[in-house]
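As structure tokens, the structure follows; a few thoughts come after it.
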Amino acid sequence: MTDLLSCPAPAELDERQVAKAALEAAEEQLRSLCATHAGTFVAVERRGVALSAALADLQERISEVEPNVANVQQVLEDGNTLAELSEKHRVRRRTLLQHSSLLELLELPSLMDACVRSNLYEEALSIASFANTLKRRHTEKNVVVMRVIKQIRSRQSDLRRHLLFRLKQNVTMPQCLEVVTALRRLNSIDVEGCQNIDKMHDGMDLKLQVDFLEARDAWLESSPRTTTTLAPSEQLLDTIERYRTRVFEIGTQFNAIFRASTVKTGSSSSISLLSMWLTRRVQSFLTMLSSSVNQMDDSASLRDALEACVFFSTSMGRLGCDFTSMLLQIFEPKMVSLVVNQWKESVSSLEETLKVCRDAGVAGPLTSSSVVSKTPPASLEQPPRHLLSYPPLARLINAYLSGFNELRRCLLPGIFFTLRNELKRSLKTAKTSLETNQRAVNAPGLRGEATQLREVAETMITTFDTVVEPYLAGAFEVALGNYAAGKELLNKLVQKAEEVEDEDEDGIQNGDDDAGENGDKQQNDEEGTEDTPGIEADIPEQHDIVE
């Protein structure tokens, strides 16, 4: 029995050992695997830690958002239903489908700006007209469309300023018509959809006419750039010609563009507006002309300016603004001053010459030793030659004749009466100067060649009365074209000269007889009597005359 119980003991012992060995082998294999995959275990651990931190953060954020979610839920429950949310979603989807069209709509203001800068007026006006279409189709609740329309309206203002700036430049008739047509279309776009369109259209058309004239005014007043320096008279002629061409061009353009619409509507506003503008421009031109003419000192330049102004006035007559009658009040006083100033200068020179000779006591500059004929000229074209014996009177006549020659270059009938009065006044002043000189030399105490100065003073007055004054009166009538009166004065001058010549010959013969008698008497006085103080005083004067 004991043997039977003890028999299986070795086999059981072997199983325990085998299991123990297998366990040890498994543990060894586990340790080998753990050593092999140690990095993986570390990474998993780290990820677990990070995930735990992220979950904690998410839980904290959810805790913060929970009050807002409650509020949103309350709002959704109060105002919006599921149907409304569905409708909004549908609208957004449709909007997304129209994405390209919306981009084109938002680019309209930039496109219109590019058209304005490129002078593409038709395209810019088409965009402006499309803005009115958008305004009719969409209500004011569409903020995007209203904002686009507002930007297009601001580009319309830029287009208007650009068109008006084009009118301030040198534009031809077709270009001007194109610009005005674009402005009219722009006005139509502005008044589209307004009440009482006809009345507003008439007002905007009148404003367009005013803007047109103001813009063309700026071009009219702009001066061209010139590199050459011209004389004042040539500059004035260029100014008149430029003013004439530009004013006539502006008036013609205005009539061609606005007169047709005026005839259709039966309104006279454009006609009166053009008349007011022409009146203002003519007045401005006359002001400028008056200041320029006052600086002239030559009648030939004055005549050229007058001819240019008359041609300008004739051109304006075709526009109903002939201002020829207003030119006389500018040119006549200037022509009178040109002539009269030469006369005044000659009289002043005569007075100065007489004063200098009187103060110096010399008579040489007042007379000439050249022998000339005293016969007056056969015509008024030649001055009397015997006036060369008196240089001051000869210079006086030359100055007056220079004034008459100025009249020949620019003769204005309206100044005849004024010049006649000025000539009489000037000759009277010259004669007064001669008479003053005679009184001064006849005064006692004159030194130098007193006797000769007295004789010359008396002779000059006689010559002035008998020769100078009649000759200048006749020459003046000839300068005015009155040849009959001039010839009559010449005949009187010839008759006076012949009478004076006969009196001089009689005086010379009587003087010779008196000289013989005085010589005999003087010889008897020298033989029978002694010299008296009076005779001694006359002897030096006779020597002075000889000298």
Side-chain angles (χ1 to χ4, degrees), residues 72 75-76 79-169 171 174-212 214-215 218 257-258 261:
V72 171
V75 171
L76 291 176
N80 296 322
T81 61
L82 183 61
E84 293 176 352
L85 294 177
S86 176
E87 180 66 20
K88 290 182 179 180
H89 179 66
R90 187 179 64 83
V91 171
R92 291 188 179 93
R93 286 180 59 84
R94 290 183 60 185
T95 303
L96 185 61
L97 293 176
Q98 300 294 331
H99 180 263
S100 58
S101 300
L102 289 175
L103 289 179
E104 293 178 358
L105 178 64
L106 295 175
E107 290 178 355
L108 284 179
S110 301
L111 180 61
M112 184 174 180
D113 192 15
C115 292
V116 171
R117 291 196 303 268
S118 302
N119 297 334
L120 301 175
Y121 305 134
E122 293 294 333
E123 290 77 4
L125 291 171
S126 299
I127 296 175
S129 178
F130 181 68
N132 288 342
T133 304
L134 289 176
K135 187 176 181 180
R136 288 194 303 268
R137 290 179 180 179
H138 300 275
T139 61
E140 296 182 357
K141 295 182 180 180
N142 196 328
V143 181
V144 176
V145 175
M146 291 298 106
R147 191 171 298 173
V148 170
I149 293 174
K150 183 178 180 181
Q151 293 178 357
I152 292 176
R153 292 289 184 260
S154 65
R155 299 304 189 279
Q156 287 181 218
S157 301
D158 297 338
L159 175 60
R160 185 182 299 276
R161 286 193 296 269
H162 183 78
L163 292 172
L164 292 176
F165 181 77
R166 281 287 306 276
L167 292 176
K168 295 179 181 180
Q169 302 173 356
V171 292
Q175 294 173 344
C176 189
L177 185 59
E178 177 186 3
V179 171
V180 173
T181 303
L183 287 171
R184 281 177 168 170
R185 284 190 58 189
L186 193 59
N187 290 339
S188 300
I189 292 172
D190 290 340
V191 301
E192 185 177 352
C194 298
Q195 297 180 356
N196 200 357
I197 296 179
D198 295 337
K199 188 175 181 179
M200 292 187 63
H201 185 272
D202 293 339
M204 297 192 73
D205 191 71
L206 183 61
K207 186 178 183 302
L208 175 60
Q209 297 175 18
V210 175
D211 293 339
F212 174 84
E214 289 180 351
I257 295 173
F258 298 103
S261 60

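Distance check, rounded to the nearest 0.5 Å: CD of Glu178 to SG of Cys176 gives 10.5 Å. In this structure, the separation between CG on Leu97 and CZ on Arg94 is 9.0 Å, given to the nearest 0.5 Å. To the nearest 0.5 Å, the span separating CG on Leu183 from CE on Met204 amounts to 10.0 Å. Note that OG of Ser126 and CD1 of Ile189 are 8.0 Å apart. Values are rounded to the nearest 0.5 Å. In this structure, the separation between CG on Asp205 and CZ on Phe258 is 6.5 Å, given to the nearest 0.5 Å. Put simply, CZ on Arg184 and CG on Leu177 are 8.5 Å apart, with the number rounded to the nearest 0.5 Å.
For the pair Leu108 and Ile152, the tightest heavy-atom approach, listed with the atom from each and the gap, is CB-CD1, 4.1 Å. Summarising the geometry of Ala131 relative to Ile149, their closest heavy-atom pair is O-CD1, 3.8 Å, with the distance given to 0.1 Å.
Residue pairs satisfying the salt bridge (Lys or Arg N to Asp or Glu O under 4.0 Å) criterion with at least one member in residues 152-162, sequence neighbours excluded, are listed as follows: Asp158-Arg161, Arg160-Asp190. Pairs engaging residues 109-124 under the salt bridge (Lys or Arg N to Asp or Glu O under 4.0 Å) rule: Asp113-Arg117, Glu122-Arg185 [sequence neighbours left out].
Judged by distance alone, the side chain of Ser129 and the main-chain N or O of Leu125 form no donor-acceptor pair under 3.5 Å.
More than 12 heavy-atom neighbours from other residues, nucleotides or ligands sit within 6.0 angstrom of CZ on Arg90.
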* **Test side-chain contact (heavy atoms from CB on, under 4.5 Å) applied to Val91 and Glu87, step by step** => CA-CA 6 Å; Val91 171; Glu87 180 66 20; 4.0 Å; yes
* Asked: Could you walk me through whether Leu106 and Val144 pass the side-chain contact (heavy atoms from CB on, under 4.5 Å) check?
  -> CA-CA 8 Å; Leu106 295 175; Val144 176; 3.8 Å; yes
* Asked: Stepwise, does the side-chain contact (heavy atoms from CB on, under 4.5 Å) test hold for Leu159 with Leu186?
  -> CA-CA 9 Å; Leu159 175 60; Leu186 193 59; 4.2 Å; yes
Could you go through residues 162-169 and list every donor-acceptor pair under 3.5 Å that involves a side-chain atom there, pairing it with any protein atom two or more places apart or in another chain?
residue	atom	partner	partner atom	Å
His162	NE2	Asn119	OD1	2.7
Arg166	NH1	Tyr121	OH	2.7

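Between Val179 and Val171, the closest side-chain pair of non-hydrogen atoms is not below 4.5 Å. Using a 4.5 Å cut-off on side-chain heavy atoms (C-beta onward), Arg92 and Lys88 make contact.
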